[in-house]
**Student:** 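I have a structure I would like to understand better, so I am pasting it below and will then ask my questions one at a time.
Numbered from 1 within each chain, the chains take letters A, B, ... in sequence-line order.
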Protein chains: 2
Amino acid sequence: MTDTLARDRDTSEISLIQAVESVILEEGFSGIGVNALARRAGVDKVLIYRYFGGLAGLLTAYAEAGDFWWRVDDLLAEPLPDPDRPDALPDCLARVFERHVAFLRSHPVTLEVIAWEMSARNELTAALESVREDRSLAVIRGLALRFDVAESDFQAQVAPLFALLGAAANYLAARGRHLSRFNGLDLQSEAGWTQLCKSAEHMLGAVRLPDPPTAITSTSQDQTP
Amino acid sequence: MTDTLARDRDTSEISLIQAVESVILEEGFSGIGVNALARRAGVDKVLIYRYFGGLAGLLTAYAEAGDFWWRVDDLLAEPLPDPDRPDALPDCLARVFERHVAFLRSHPVTLEVIAWEMSARNELTAALESVREDRSLAVIRGLALRFDVAESDFQAQVAPLFALLGAAANYLAARGRHLSRFNGLDLQSEAGWTQLCKSAEHMLGAVRLPDPPTAITSTSQDQTP
DNA sequence: TTGACTTGTCACCAACTGGTGACTATACAA
DNA sequence: TTGTATAGTCACCAGTTGGTGACAAGTCAA
């Protein structure tokens, strides 16, 4: 509890937590292990057990310190289409999708954890899972509020769309780490992703609001470009 | 080159190749290794080096023996919507997507290799990559032929759609191996996948043929349920 | 000063990994 | 019979993994 002692322990803990990120970035999730982490942190591996109770505890500490997922406010930040405009909903969903993609492509650690989820379940993947579920549903809630429609109907309609497009983005972005081509598209070029976003927007054009009286369900203006 | 000698080598090789599939199914891709494979095959691991030149060679042999991906004919098998019907194209794409999903959900080894692709590149993932690229493009070619449209335009329009929906299916099916919930959906229940296919079909409703004179781009009949 | 506690270092463990060299046993051809 | 090639067994290697016990040095309170 003294100054110097406490400070030393603190720096050791911080070194270890930073080592998690560092190893993930430079070696990928498969490089995570007590030996590698201790080596990278310049610290003895026994401290991982003493201070964090083991690798799982260290990952938990890192998970609590890091932010692996977009914040709801960022995804729903203005400018977004005016809800009263026709086609505001599809446009809005397309913007949200673009922001989701942009986040993934600029967060290599998140991509690494997403890839990790494919093969194992651990404290990091669990943390990502939990926050992702929460915030995805929060985004849907936020959109229902914005468009002033019943949340349950909206959720039932939009959740599977988000699941599909979100899954596609996660998969393609994670794959793009090491491999470029998927179905003829280049996952490492700006053009490839622009193309993907355009196609997503096109498909989202089919989405209409569920029931409110303002929604027009008959003649929808599809201007296929 | 004698009968018995040759036969014995053959059975050893076959045991090893079968061990690859067996280990993947029971332990997942992370269980693949010379020791585990030899143990499972009931054979000494040195034979992996002698007969296949190493683990990579054994994986290659397995890759050549197995079929990890749907065949083009299966994906385009009849019955498919009559090309002259209105909305035949979106319906057709939706059927293809459903078949893609059905294949994945019934082929655990493929899901395992898909998951493997996320973390490493090896002979198995390379084989899957190659055959997947080829056959996906072949399916697009087949559809262009069916709808009698120019292949290049059609390809430019449909390839990114396939990339998005295919990626989503791959991701969700692979994740469904160990985790059930994604964005509120249940990836391990029939209902969850029915929902996903319905949403995909809904989104595909926005797709129209590129140029031929028969295509109607104005009044689209959206009946949102 | 004494004793208790914390921080960190180090040596060590068993288990496993990929990989190799030496060996026996069998079969075949000369 | 002799030589050669193959199939298979086994012991062993070095390196790495996760994990622990013993110990020295420093710090603090009584």
**Student:** In whole angstrom, give the distance that lies between atom CG of A:Asp8 and atom C1' of C:dT9.
**Tutor:**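 Answer to the nearest Å: 14 Å.
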**Student:** Does A:Tyr51 place a side-chain N or O at less than 4.0 Å from the phosphate oxygens OP1/OP2 of C:dG8?
**Tutor:**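 Yes, within the criterion.
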**Student:** Taking the inter-plane angle between the rings of A:His100 and A:Trp70 on a 0 to 90° scale, is it parallel (under 30°), tilted (30 to 60°) or perpendicular (over 60°)?
**Tutor:**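 Judged by the thresholds at 30° and 60°, the geometry between A:His100 and A:Trp70 is perpendicular.
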**Student:** From CG of B:Leu47 over to P of C:dG21, roughly how many Å is that when rounded to an integer?
**Tutor:**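 Interatomic distance, CG of B:Leu47 to P of C:dG21: 16 Å.
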**Student:** Is the closest basic N to carboxylate O distance between A:Glu129 and B:Arg181 below 4.0 Å?
**Tutor:**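 Salt bridge: no.
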**Student:** Would you say D:dG8 has OP1 or OP2 under 4.0 Å from some side-chain N or O of B:Ser12?
**Tutor:**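 Yes, such a contact exists.
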**Student:** Can you tell me how far P of D:dG8 sits from CD of B:Glu13, to the nearest Å?
**Tutor:**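 It is 9 Å, rounded to the nearest whole Å.
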**Student:** Testing B:Ile114, B:Ile24, B:Asp67 for side chain to side chain contact (heavy atoms under 4.5 Å, CB included) with B:Val109, which one passes?
**Tutor:**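 The side chain to side chain contact (heavy atoms under 4.5 Å, CB included) with B:Val109 is passed solely by B:Ile24 among B:Ile114, B:Ile24, B:Asp67.
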**Student:** What is the distance, rounded to the nearest whole Å, between atom CD of A:Glu27 and atom P of D:dT16?
**Tutor:**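 For the pair A:Glu27 CD and D:dT16 P, the rounded distance is 12 Å.
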**Student:** How are the rings of A:Tyr171 and A:Phe182 set relative to one another: parallel (under 30°), tilted (30 to 60°) or perpendicular (over 60°)?
**Tutor:**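 Perpendicular, since the angle between the ring planes exceeds 60°.
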**Student:** Let me know the distance between CG of B:Asp10 and C1' of D:dG8, rounded to the nearest Å.
**Tutor:**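 After rounding, the gap between these two atoms is 15 Å.
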**Student:** Per the salt bridge (Lys or Arg N to Asp or Glu O under 4.0 Å) rule, what does the pair list look like for residues 92-110 of chain B, sequence neighbours excluded?
**Tutor:**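 Of all non-adjacent pairs touching residues 92-110 of chain B, those that pass salt bridge (Lys or Arg N to Asp or Glu O under 4.0 Å) are B:Arg95-B:Glu98, B:Arg95-B:Glu201, B:Arg105-B:Glu190.
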**Student:** At under 4.0 Å between heavy atoms, how does the protein contact nucleotides 12-20 of chain C? Give one character per nucleotide, 5' to 3', with B, S or -.
**Tutor:** -----SBBB
**Student:** Taking atom CH2 of B:Trp69 and atom CD of B:Glu133, what is their separation to the nearest 0.5 Å?
**Tutor:**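 CD of B:Glu133 is found 10.0 Å from CH2 of B:Trp69.
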**Student:** Which whole-number value in Å describes the distance from A:Ile14 CD1 to C:dT7 P?
**Tutor:**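 Checked: the CD1 to P distance equals 14 Å.
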